[in-house]
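A short worksheet on the structure shown next.
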Amino acid sequence: MDRPLLRPLLIALPLLAAGGAGAWWWFTRPAPEAAPDPLSNAVLDQRLLAVEQAIASIERGQSRTSQRLADLEARSTVQREELLGWGQRTALLEESVQQVAAGPQGESGIALRLDEVDLLLSFAETRLALSGDIDGARRAYGFADGLLSALTAPQYVNLRQSLAQEQAALAALPPDPRLAARGAIDAIEAALPALETAPAEEAPAAPASALDKVLDALVDVRPRGAQDLLAPADRQRGLAALRLELGLARLAIERRDSDGLQAAATRAQDWMRRLYATSASLEAEAARLDALAKTNLALDVPVLGSTLVQLRAQRRSEGAR
């Protein structure tokens, strides 16, 4: 075979093989799947199933919401009933209080009112005796007067008159002297730091001789009055003693102990003069302590207690009948 004929044949054989392979693939390839019809029964069934599931989920949510609303309504009903019950109880209590305030009913009501008056008067007397609480005693007497004024029987006229006299005596009392005494103690304690830096009063200068001028150049002499606690340790102990005396004075004020207050104020004045140099500020605080020592802390209420004694005597005489 000639070479010119062999070369085209060699070129044509691969082409024929490729064409045959392509033709074989084209005829043997799988057929393309057709797109599902959106109106087919299967597609419609799937959509309907999804819609039914969504509707079921919504219905379950609505059921839970309805249950919660029912629970809230039940709780509101219970609370409303409880509130109505409290209102009824409050109305009953108000009615009972109005009945008691309107006046005692029978001997038991009068006895209860007299017991309350006795308790209030005893409370006022105890408050004055223990702590000198004038305002508390006035309030207690006011309540007792309100209770006793409802008893209009003739046998209680003397009690009301005696109670009115004691109320007038309490109203005429001057302010509690302990208030001013406490204020004085507070002012003295607040002024102690300023006494450390207060300038000392200088004595009038006498004519100086030549020897005095020489000594003044060598030694600085400053008169300090009664001040003798100059060392730091001595001053610390002196300040502690001064504050202790002021605390004792405050305790005597609370106990209405005029003698104890006078003794503590005098000792505090002595310590103050030993601690601080003589100055105008020191003299002012010393004068305040002197006035504090002369304070009378006692309360003089001679009529107080007569109504309570009269009330108890009257109740004993009525019980003996």
- Task: Establish whether Leu289 and Leu195 are linked, either directly or via other cluster members, by ILVMFWY side-chain heavy-atom contacts under 4.5 Å.
- Result: yes
- Phe123 with Leu159, same ILVMFWY side-chain cluster at under 4.5 Å: no
- Message: Between Arg315 and Asp115, does any side-chain N to carboxylate O distance fall below 4.0 Å?
- Response: yes
- Item | 4.5 Å side-chain heavy-atom contact, Arg256 and Arg178 | yes
- Query: Is the shortest distance from a Lys or Arg side-chain nitrogen in Glu254 or Arg182 to a carboxylate oxygen in the other one below 4.0 Å?
  - Reply: yes
- Is it true that Glu283 and Arg273 have a side-chain N and a carboxylate O under 4.0 angstrom from each other? yes
- Has the side chain of Asp176 got a donor or acceptor atom that lies under 3.5 Å from a matching backbone atom of Leu179? no
- Task: Compare all side-chain heavy atoms of Arg160 with those of Val157 and state whether any distance is below 4.5 angstrom.
- Result: yes
- Query: Can you name the nearest heavy-atom pair linking Ala140 to Ala124, along with the distance?
  - Reply: CB-CB, 3.8 Å
- Looking at Arg64 and Glu59, does any basic side-chain N land under 4.0 Å from a carboxylate oxygen? no
- Query: Of the non-hydrogen atoms in Glu285 and Ala187, which two are nearest, and what is the gap between them?
  - Reply: OE1-O, 4.4 Å
- Can you tell me if Arg127 and Ser122 form a side-chain donor-acceptor pair at under 3.5 Å? no
- Verify the cluster assignment for Leu248 and Leu246: are they in a single hydrophobic cluster under the rule of side-chain heavy atoms below 4.5 Å apart? no
- Query: Would you call Val117 and Leu308 a side-chain contact if the rule is heavy atoms closer than 4.5 Å?
  - Reply: no
- Message: With a 4.0 Å cut-off on N to O distance, would you call Arg138 and Asp135 a salt bridge?
- Response: yes
- Within a reach of under 6.0 Å around CD of Glu73, are more than 12 heavy atoms found that belong to other residues, nucleotides or ligands? no
- Item | Leu72 side, atom CG; Gln67 side, atom CD - distance, nearest 0.5 Å | 10.5 Å
- Message: So which atom in Leu163 and which in Leu148 form the shortest heavy-atom distance, rounded to 0.1 Å?
- Response: CD2-CD2, 4.0 Å
- What distance separates Ile188 CD1 from Leu292 CG, expressed to the nearest 0.5 Å? 6.0 Å
- Message: Side chains of Arg250 and Asp186, heavy atoms from C-beta outward: is any pair under 4.5 Å?
- Response: yes
- Task: Specify the closest pair of heavy atoms between Trp271 and Glu245, including all atoms of both residues, with the distance to one decimal.
- Result: CD1-CG, 4.1 Å
- Item | Ser258 side chain to Leu297 backbone, donor-acceptor under 3.5 Å | yes
- Message: Rounded at 0.5 Å granularity, tell me how far OG in Ser162 sits from CG in Leu121.
- Response: 9.0 Å
- Message: Tell me whether Glu166 contacts the main-chain N or O of Gly305 through its side chain, where contact means a donor paired with an acceptor under 3.5 Å.
- Response: yes
- Between Thr295 and Ala291, is there a donor-acceptor pair closer than 3.5 Å when you use the side chain of the first and the backbone of the second? yes
- Task: First locate atom CD of Glu81, then atom CG of Leu83, and finally report the distance between them rounded to the nearest 0.5 Å.
- Result: 11.0 Å
- Message: Just to verify, which of Leu239, Leu275, Leu242 counts as forming a side-chain contact (heavy atoms from CB on, under 4.5 Å) with Leu192?
- Response: Leu242
- Query: Nearest 0.5 Å, what's the CD-CG distance between Gln262 and Asp257?
  - Reply: 10.5 Å
- Message: Rounded to the nearest 0.5 Å, what separates atom CG in Leu69 from atom OG1 in Thr65?
- Response: 6.5 Å
- Item | Contact summary for Gly260 and Ala252, nearest pair of heavy atoms | C-CB, 3.8 Å
- Message: Assess whether a salt bridge exists between Asp270 and Arg274, defined as any Lys/Arg side-chain N lying under 4.0 Å from an Asp/Glu carboxylate O.
- Response: no
- Out of curiosity, does Phe143 fall in the hydrophobic cluster containing Leu170 (side-chain heavy atoms, cut-off under 4.5 Å, transitive links)? yes
- Query: Taking Ser66 for the side chain and Gln62 for the main chain, is one N or O donor matched with an acceptor at less than 3.5 Å?
  - Reply: yes
- Do Arg113 and Tyr156 meet the cation-pi criteria used here (NZ or CZ under 6.0 Å from the six-membered ring centre, within 45° of the axis)? no
